[in-house]
2 protein chains.
Amino acid sequence: MSEENEWSEYAARLIADAGLRRSTPRQRVIELLAEQSCAITALQIDAALDGVGRATVYRAIEQLEELGLVHKVDLGGSAFGYEKLEPSGHHHHHIVCDDCGKVEPFEDEALEDAIHDIHRKGFKLETHEVTLHGHCADCS
Amino acid sequence: MSEENEWSEYAARLIADAGLRRSTPRQRVIELLAEQSCAITALQIDAALDGVGRATVYRAIEQLEELGLVHKVDLGGSAFGYEKLEPSGHHHHHIVCDDCGKVEPFEDEALEDAIHDIHRKGFKLETHEVTLHGHCADCS
DNA sequence: ATAGTAATGAGAATGAATCTCATTATACGA
DNA sequence: TCGTATAATGAGATTCATTCTCATTACTAT
């Protein structure tokens, strides 16, 4: 099974388990998010899905976030980006060019290890977000 | 010299080097940022400084950011936070409770080491931001 | 002191995100 | 399958952080 389908079926299951209905608009948001390999903004989703209202897009994202299916990331632009959270835990972080706004995903095992070694009394840690800032080759 | 004064004098120097004038409103923004031990929003700065216009606060922050004196952080709320960047490079990251919004700073040497070992071809890295998300003791 | 111009503040404008509420569609029991 | 309860939706209004405009003020160098 492709990773996209895996995630969207996983999402459908958690939605059902939460007692929410399987509505077409929400399903379309899920499928669009499933196709992305990196973050996408709420307004991009809204623009991509004709016939799905903006409010529905934001509501769907909010629910998916609460279920731990989607992660909000600040990529330096004017709007937030959202990306799916694989049930496997596999994920990437981002490098942002502060000049042109270009975003590139990256993965680093040592970084993940260091983060998982962090424990803070009184906090149950769930997710984390790492963003590296700098200048890309074109802007240097 | 206290760390606050160190930073605000460093900031004043970079402002001057950039050919900008030493204006009272901008100086007050710098001093307020210098006093903070963690992030503060633009509107909090605006509210704290009577007689300093909102536009001036945002403009000052923007300039300080460009000079590498201030760092913007997304702490999950509706507005961004800003905090001073010590010339020594000494800094902290943040743990956010996704339920109540509480923010706590933390430092971790192993994490910093792992980040400094990351190199990405075609990118000149400058700063980084790490945010851990979870639930605090009160919300668990 | 004065001229040149960076900087400011009040308020308007923008734009992402949220809210409202009348309408529609889904799930579930009969 | 039908009917009902109610979750979910969409259009548009609203909120609120941030940015822009522009006439006025105040640094700075001469």
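Just so we're on the same page: letters track the sequence lines, and every chain starts at 1.
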Trainee: Measure the distance from CG on L20(A) to P on dT6(D) and round it to the nearest whole Å.
Mentor: 16 Å
Trainee: Please work out if G51(B) contacts a base, only the sugar-phosphate, or nothing of the nucleic acid, heavy-atom cut-off 4.0 Å.
Mentor: sugar-phosphate
Trainee: Taking the side chain of R26(A) as heavy atoms from C-beta outward, which of dA26(D), dT9(D), dA10(C) is closest to it?
Mentor: dT9(D)
Trainee: Would the H94(B) and H128(A) ring centres measure less than 6.0 Å apart?
Mentor: no
Trainee: Heavy-atom nearest nucleotide on DNA chain D for R22(B) versus T41(B): which residue maps closer to 5'?
Mentor: T41(B)
Trainee: Determine whether any donor atom in the side chain of R59(A) lies under 3.5 Å from an acceptor atom in the base of dT18(C), or the reverse, and answer yes or no.
Mentor: no
Trainee: Are the side chain of S140(A) and the backbone N or O of C136(A) linked by a donor-acceptor pair below 3.5 Å?
Mentor: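 Yes: the side chain of S140(A) pairs with the backbone of C136(A).
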Trainee: If I take atom CG in residue D74(B) and atom C1' in nucleotide dA17(C), what distance separates them, rounded to the nearest angstrom?
Mentor: 14 Å
Trainee: For atom CG of D50(A), decide whether the heavy atoms of other residues, nucleotides or ligands shown that lie under 6.0 angstrom number more than 12.
Mentor: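 Atom CG in D50(A) is not crowded, with 12 or fewer foreign heavy atoms closer than 6.0 Å.
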Trainee: May I have the distance from I40(A) (atom CD1) to dA16(C) (atom C1'), rounded to whole angstrom?
Mentor: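 Taking atom C1' of dA16(C) as the reference, CD1 of I40(A) is at 16 Å.
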Trainee: According to a strict under-4.0 Å criterion, is Y58(B) in side-chain N/O contact with OP1 or OP2 of dT18(D)?
Mentor: yes
Trainee: Under 4.0 angstrom, heavy atoms only, what part of the nucleic acid is A55(B) near: base, sugar-phosphate, or nothing?
Mentor: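 Answer is base: heavy atoms of A55(B) come under 4.0 Å of a base.
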Trainee: Take the protein atom CZ of R28(A) and the nucleotide atom C1' of dA25(C), then report the distance between them rounded to whole Å.
Mentor: 15 Å
Trainee: What is the distance, rounded to the nearest whole Å, between atom CZ of F80(A) and atom P of dG15(C)?
Mentor: 18 Å
Trainee: So, the side chain of Q44(B) versus the backbone of T41(B): is there a donor-acceptor pair under 3.5 Å, distance only?
Mentor: yes
Trainee: Select from G53(A) and R21(B) the residue whose nearest nucleotide in DNA chain D is closer to the 5' end of that strand.
Mentor: G53(A)
Trainee: Measure from the side-chain heavy atoms of P25(A) and tell me the nearest of dG11(C), dA17(D), dT9(D).
Mentor: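 Closest nucleotide among those given: dT9(D).
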Trainee: Tell me which nucleotide among dT8(C), dC27(D), dT18(D) gets nearest to the side chain of T24(B).
Mentor: dC27(D)
Trainee: Would you say S78(A) places a side-chain N or O within less than 4.0 Å of OP1 or OP2 belonging to dA17(C)?
Mentor: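 The answer is no; no side-chain N or O of S78(A) sits under 4.0 Å from OP1 or OP2.
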Trainee: Please report the distance, rounded to the nearest Å, between CD1 in I61(B) and P in dT18(D).
Mentor: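 Rounding to the nearest Å, CD1 of I61(B) and P of dT18(D) are 8 Å apart.
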Trainee: According to a strict under-4.0 Å criterion, is R54(B) in side-chain N/O contact with OP1 or OP2 of dA10(C)?
Mentor: no
Trainee: Just the rounded figure in Å: distance from C1' of dC16(D) to CD of Q44(B).
Mentor: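 Going from CD in Q44(B) over to C1' in dC16(D) covers 15 Å.
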Trainee: Using whole Å, what does the distance between atom P of nucleotide dT8(C) and atom CG of D46(B) come to?
Mentor: 13 Å
Trainee: Measuring to OP1 and OP2 of dT8(C), would you say a side-chain N or O of S23(B) lies under 4.0 angstrom away?
Mentor: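 Result: yes.
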Trainee: Does a side-chain N-to-carboxylate-O contact under 4.0 Å join E104(B) and R120(A)?
Mentor: yes
